[in-house]
Structures are given as structure tokens and as C-alpha cells.
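Here's the structure, in C-alpha cells; my notes come after.
All values reported here derive from a predicted model rather than from experimental measurement. Atom set for the values below is all heavy atoms of this structure, side chains included, hydrogens, waters and symmetry mates excluded. Position 1 is the first residue of the sequence; numbering continues from there.
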Amino acid sequence: MKIRMKINLKAFVVSLIFLGYILQIAFQRYIGPLGYYDEMLTVVSYLYVMSMIARNEMTSETRRAFIIIGLLIIIGLCGNIFGELYFNKKAILTDLGNSFKIFFVLFVSYEYFLKFRKSSNLIDYLDFYCKCFVVVPGTFLAIVNLFVDIHMYSEYIYGIRAFNYIFAHVGTLNSVCVSCILIQTLKMLKLTAGERRVQLIYIFMNLLLMVSTLRSRAFVFAFVYIIGYYAIILRKRETKIRMRYVIVMAIVSLVIAMPKIRFYFDKGNEAARGLLLRHGIKAANEFFPLGAGFGNYGTYAAAKYWSPLYIRYNFDQYYGMNRQDSRFIVDTYWPAIMGEFGWLGFALMVMLLAMVYLTIIRETKNNKYCRLVALYGMVCVTISSMVSSSFFNFTNMITASVIGLAIGVSRFINNERKVQRNEDTNSTHNAKPTQIRNV
């Protein structure tokens with residue numbers, strides 16, 4: 001690994017904030033105070049938003065996204081006020097802090113890095129952290145794990161140890177690998193052709209580390225990255241999103257995930273995700289059109305303060321979905337949206353997600369690496385949301401931050417190019433005829 005970095009203090013400090021995410025994910029079970037790191041940064045994000053509003057310094061994309069989030073908050077609170085369920089203030093406040101933090105962090109990162117002039121240095125530091133703390137040692141230990149029990153696995157799948165490295169769960173390692181791939185790809189912006197080939201070796205190692213978790217999601221993510229890299233980076237034409245690549249990715253991903261889909265959502269069994277989906281739809285219908293309100297279904301707060309809906313739906317009788325063991329009851333996203341915000345909130349959340357994708361496509365049209373990074377990150381979090389609480393989960397905050405970084409960097413580069421073109425045009429117009437001929 002070639003180390004060639006000149007320390008820039010501002011970029012270095014910002015990079016440590018990103019590193020803090022990974023440290024929290026890896027060690028919060030051993031160091032209690034680390035568990036509050038994401039909440040602290042969420043509060044900082046909210047304060048930054050308030051300062052942008054006060055200064056009237058906000059892009060139209062961010063303003064529209066926050067309007068939708070505001071409407072969702074109103075819908076959730078109206079569900080609490082006009083619904084028939086118990087009004088638990090602590091649950092409501094907890095849900096208010098968790099429900100939108102991924103989107104807040106994404107757009108705040110976008111706004112911040114839109115004006116950040118040391119992004120190149122920042123990406124250098126982040127790439128270094130990924131290689132030193134995750135990719136290189138993780139890949140080595142994943143190979144060792146195949147032959148020797150080094151106590152870094154969660155279970156056996158097809159007789160092979162599912163590797164989780166230093167993280168509590170294999171799903172957490174998947175999320176970290178996705179974040180590292182985003183950073184490694186963004187690093188290619190400033191590399192030569194030869195350096196990019198070396199960087200691809202590290203990315204390949206990261207993909208191996210990802211699939212060592214043996215999760216269906218990991219195989220889907222690896223496949224999506226390979227197709228995305230070919231479609232966006234290797235093709236020599238303009239970076240348009242071709243429908244045929246989307247269709248191929250969707251079909252192959254569905255084939256890979258079909259065994260899990262059948263297990264989780266077959267009405268004949270009592271798998272937690274299937275039950276949560278069916279009862280989420282039931283709650284949306286019962287509390288039509290606003291939903292049951294904050295802290296009442298599918299979230300950490302609903303489980304912690306034990307929502308009255310869980311009593312009504314007899315969740316206590318299911319394994320992993322009771323007061324003593326609620327590990328599976330928070331492992332959901334869209335059913336929680338349906339249950340808490342109803343069908344109206346569900347439509348608004350789909351609209352918010354579509355707005356994020358449209359912003360990515362529009363702002364990265366002239367930068368293929370930023371486009372791949374932002375799209376791949378959002379696709380992975382969206383796929384995860386089908387079977388997990390990805391948009392609620394703090395482990396995806398670093399992914400959201402890097403997506404915002406990629407969009408911000410792309411727009412910053414485009415703005416600089418426009419300024420340069422304007423300066424060149426003005427200098428040409430002001431030049432003497434003889435000077436123009438000489439050029």
C-alpha cells in the first residue's frame with residue numbers, strides 16, 4: 001500500500017468524524033458511551049440544518065426533502081394525537097430522533113461538502129482508514145477463518161463459518177464493506193490509470209470480505225457493484241442509466257434472494273419479517289390514512305416502551321418478538337412506515353426516496369465515479385430496507401454521509417468548471433484580435 005498524504009488539518013478532523021462511525025459500529029458493545037456517537041452527530045446535523053435555514057443557504061433539493069420530512073413528522077404526530085393508542089412522550093421523542101436521521105445526515109453532508117474545498121485530502125484519509133482497519137486485515141482473517149476457528153464467525157452456513165470480523169453481526173460487516181467500497185471508488189477520481197488498477201485490487205478484496213459473511217444480501221451487493229462498475233465506469237459513452245442493466249440486476253438479485261423471500265414472507269410460517277409486514281399493512285388499514293403515530297410500530301421505541309399494538313396483535317407469543325426478547329421486532333423498515341405513518345406517509349416516504357435518486361442522477365451526470373458511488377450506496381440501503389431497518393439503523397449513517405459527500409463533490413466540481421468556462425469566455429471576449437489569432 002502506497003502512502004502519500006500531506007496532512008490537512010480541516011480534512012483530517014472531518015475524516016476522524018467518519019472514522020468515529022466505524023469505531024462505534026465495532027466497539028460500542030464494549031465501550032458504552034460510543035453508543036451515543038450517532039445520536040450526537042444527529043443533533044449536530046439538526047443544528048446545522050437550523051443554521052442553513054437561518055442564513056437561507058440551502059439548495060432546492062434539500063429544501064424539498066426537508067418539506068417532505070416535515071410533512072411526515074406532522075402525519076406521525078397527528079397519528080399520536082387523534083389515534084386511540086396510549087400517548088407515550090418518550091417513545092415519540094425517540095422515534096422523532098431516529099426515523100429520519102439517515103436522510104438528514106445524507107442531505108446535511110451534501111450541503112456541507114458542496115462548499116468543502118479539501119475533499120481530495122478527506123478522501124485520501126478515508127481510503128487509508130478503510131484499507132488499514134477493514135479491507136486488508138479483514139480479508140486476511142476471512143481467509144484464515146475458512147480453515148481455523150478464530151472466533152470471528154456467527155454461524156455455519158453450508159458447513160462454512162459466516163465471517164463477522166470485529167463486528168457483532170454479519171449484517172453489520174456488510175454495511176461497513178459497502179461504505180468502504182464507496183470510499184475506495186470515490187478515491188479513483190484523482191488516480192492515474194495505473195493507480196486505478198491497484199485500487200481495483202483493494203476493491204476486489206473488499207468484495208471478497210463482503211461475501212465471506214455468506215448472506216444473500218452480500219452476494220447481491222457484490223453483483224450489483226460489478227454490474228454498476230461496468231455500466232457506469234467501463235462503458236465509454238455518457239453515463240446514462242440504461243434500463244437493461246437495471247432489469248438484469250433486478251432479476252439476478254431476485255433469484256439470489258428468492259429462498260430468503262419465501263422463508264420470510266410465506267404466509268404458512270411465522271417468520272418475524274412476514275408477521276411484521278402483514279401486521280404493518282393491518283395497522284395502516286386500521287388507522288387509515290395517518291397511521292398509528294410515532295413509537296407505536298416496528299421501531300426501537302415501540303419495542304422499548306412496548307406499544308399497545310403489540311399487545312393487540314399478540315406479539316408476545318412469537319419467538320424474538322416479545323418483551324423479554326425483541327431482537328426481531330425492530331428488524332423492519334417499510335412495515336414500520338406503514339404502521340406509524342399510514343398509507344399517506346408511505347406514499348410520502350416513497351416520494352422522498354425517489355427525490356434522493358433524482359438528485360443523484362441530476363447532480364452526478366458529468367462525473368461517473370460520483371454517480372457510481374451515490375447510486376450504489378442508495379441501492380444497497382434500499383435493498384436492505386426490504387428485509388431490515390436500514391433507514392433507521394445507525395450503521396448506515398456512514399453510508400449516507402459518503403453518498404452526500406459524492407453528490408457534493410460532483411456538484412462542487414461542476415460549479416468550478418462553470419466558473420472556469422466563464423472566466424475563459426470573458427478573457428477571450430476581452431482579448432485583442434492579435435491575441436485571439438495567436439491562441
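Side-chain contact check for W334 versus V350: some heavy-atom pair is nearer than 4.5 Å. Annotation: side chain of Y310 is not in contact with side chain of N296 (no heavy-atom distance under 4.5 Å). Between I166 and F27 there is a side-chain heavy-atom pair separated by less than 4.5 Å. With a 4.5 Å cut-off on side-chain heavy atoms, L276 and M321 count as touching. With a 4.5 Å cut-off on side-chain heavy atoms, N206 and Y202 do not count as touching. You'll find the side chain of L19 reaches within 4.5 Å of the side chain of L16, heavy atoms only. At a threshold of 4.5 Å between non-hydrogen side-chain atoms, the residues V108 and V49 count as touching. You'll find the side chain of L114 reaches within 4.5 Å of the side chain of T59, heavy atoms only.
A salt bridge links E61 with R411; the closest basic N to acidic carboxylate O contact falls under 4.0 Å. The pair K190-E195 fails the salt-bridge criterion, with no side-chain N (NZ, NE, NH1 or NH2) lying under 4.0 Å from an Asp/Glu carboxylate O.
Within the 3.5 Å criterion, the main-chain N or O of S175 finds a donor-acceptor partner in the side chain of S179. In this structure, the side chain of T213 engages the main chain of M210 through a donor-acceptor pair within 3.5 Å. E363 places no side-chain N or O within 3.5 Å of a backbone atom of I407 that could act as its donor or acceptor partner. In this structure a side-chain-to-backbone donor-acceptor pair under 3.5 Å is missing from S109 to G404. For the pair N121 (side chain) and N8 (backbone), a donor-acceptor distance under 3.5 Å is absent. The closest donor-acceptor contact from the side chain of S119 to the backbone of V409 lies at 3.5 Å or more, if one exists at all. No donor-acceptor distance shorter than 3.5 angstrom exists from the side chain of N145 to the backbone of L141, with no hydrogens or angles considered. Side-chain N or O atoms of S326 include none that pairs as donor or acceptor with a backbone N or O of I329 at under 3.5 Å. Under the 3.5 Å distance criterion, the side-chain polar atoms of Y318 are left unmatched by any main-chain donor or acceptor of L275. The main-chain N or O of I361 is never found under 3.5 Å from a side-chain atom of K365 such that the two would form a donor-acceptor pair.
Between Q199 and D127, the side chains place a donor N or O and an acceptor N or O closer than 3.5 Å (distance only, hydrogens not considered). Between the side chains of S390 and N396, no donor N or O sits under 3.5 Å from an acceptor N or O. Judged purely by distance below 3.5 Å, without hydrogens or angles, the side chains of S15 and Y129 pair a donor atom with an acceptor atom. Side-chain contact of T185 with Y376: a donor-acceptor pair under 3.5 Å is absent, judged by distance alone. Side-chain N/O atoms of T62 and E111 include a donor and acceptor closer than 3.5 Å. The closest side-chain donor-acceptor pair between T364 and Y369, if any, does not fall under 3.5 angstrom.
Nearest heavy atoms, G295 versus A301: CA-CB, 4.3 Å. In terms of heavy atoms, L182 sits closest to G377 at CD2-N, 3.7 Å. Here the closest heavy-atom approach between residue I157 and residue A162 is recorded as CD1-CB, 4.2 Å. Heavy-atom minimum distance, L189 versus C370: CD1-SG, 3.9 Å. When all heavy atoms are compared, the tightest approach of N367 to S410 is CB-OG, 3.6 Å. The nearest pair of heavy atoms linking K131 to P137 is O-CD, 3.5 Å.
Sorted by first and then second residue, the pairs that involve residues 93-105 and meet salt bridge (charged side-chain N to carboxylate O under 4.0 Å, His left out), not counting sequence neighbours, are D38-K101.
A 6.0 Å sphere centred on NZ of K90 holds no more than 12 heavy atoms belonging to other residues, nucleotides or ligands. The environment of OH in Y300 is sparse: at most 12 heavy-atom neighbours from other residues, nucleotides or ligands sit within 6.0 Å. The environment of R117 atom CZ is sparse: at most 12 non-hydrogen atoms of other residues, nucleotides or ligands sit within 6.0 angstrom. Counting heavy-atom neighbours within 6.0 Å of R197 CZ, excluding the residue itself, gives a total of 12 or less.
In this structure, the ring of Y21 has its center no less than 6.0 angstrom from the ring center of F394. Checked against the 6.0 Å centroid threshold, Y297 and H279 do not count as a close aromatic pair.
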Worksheet entry | Pair F221-I181, side chain to side chain contact (heavy atoms under 4.5 Å, CB included): steps then yes or no | CA-CA 11 Å; F221 290 171; I181 284 179; over 6 Å; no
Discussion item. Let's go through F412 and F116 carefully: what are the C-alpha distance in whole Å and the side-chain angles of both, what is the deciding distance for ring pair (Phe, Tyr, Trp, His ring centres under 6.0 Å) to 0.1 Å, and is it a yes or a no?
Written reply: CA-CA 8 Å; F412 177 83; F116 194 73; 9.1 Å; no
Practice prompt. Please assess E155 against R215 for the test salt bridge (Lys or Arg N to Asp or Glu O under 4.0 Å), listing each intermediate value before the final yes or no.
Written response: CA-CA 11 Å; E155 59 186 314; R215 283 294 184 269; 2.5 Å; yes
Worksheet item: Could you walk me through whether S45 and V105 pass the side chain to side chain contact (heavy atoms under 4.5 Å, CB included) check?
Response: CA-CA 6 Å; S45 296; V105 167; 3.9 Å; yes
Worksheet item: What do the steps show when you test Y333 against F391 for ring pair (Phe, Tyr, Trp, His ring centres under 6.0 Å), and what is the final call?
Response: CA-CA 7 Å; Y333 180 71; F391 285 107; 5.1 Å; yes
Worksheet item: What do the steps show when you test I160 against L146 for side chain to side chain contact (heavy atoms under 4.5 Å, CB included), and what is the final call?
Response: CA-CA 7 Å; I160 303 174; L146 294 173; 3.8 Å; yes
Item to complete: Might you work through the side chain to side chain contact (heavy atoms under 4.5 Å, CB included) test for Y125 and F18, ending with a clear yes or no?
Response: CA-CA 10 Å; Y125 303 147; F18 279 82; over 6 Å; no
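Going from atom CD1 of I67 over to atom CG of L352 covers 11.5 Å, rounded to the nearest 0.5 Å. Atoms CZ and CG, on F163 and L208 in that order, are 12.0 Å from each other to the nearest 0.5 Å. Atom-to-atom distance recorded for R161:CZ and F147:CZ is 10.0 Å, nearest 0.5 angstrom. We find the OG-NE2 distance between S388 and H169 to be 12.0 Å, quoted to the nearest 0.5 Å. In this structure, OG1 on T395 lies 7.5 Å from CD1 on I102, to the nearest 0.5 angstrom. With rounding to the nearest 0.5 Å, the separation of CD in E340 from CZ in F294 is 7.0 Å.
Ring geometry for F100 against F341 counts as tilted: the plane angle lies between 30° and 60°, on a 0 to 90° scale. In this structure, Y112 and Y48 have perpendicular ring planes: the angle between them is above 60°, well past the 30° mark.
A side-chain contact (heavy atoms from CB on, under 4.5 Å) with I403 is found for exactly one of I398, V373, I360, namely I360.
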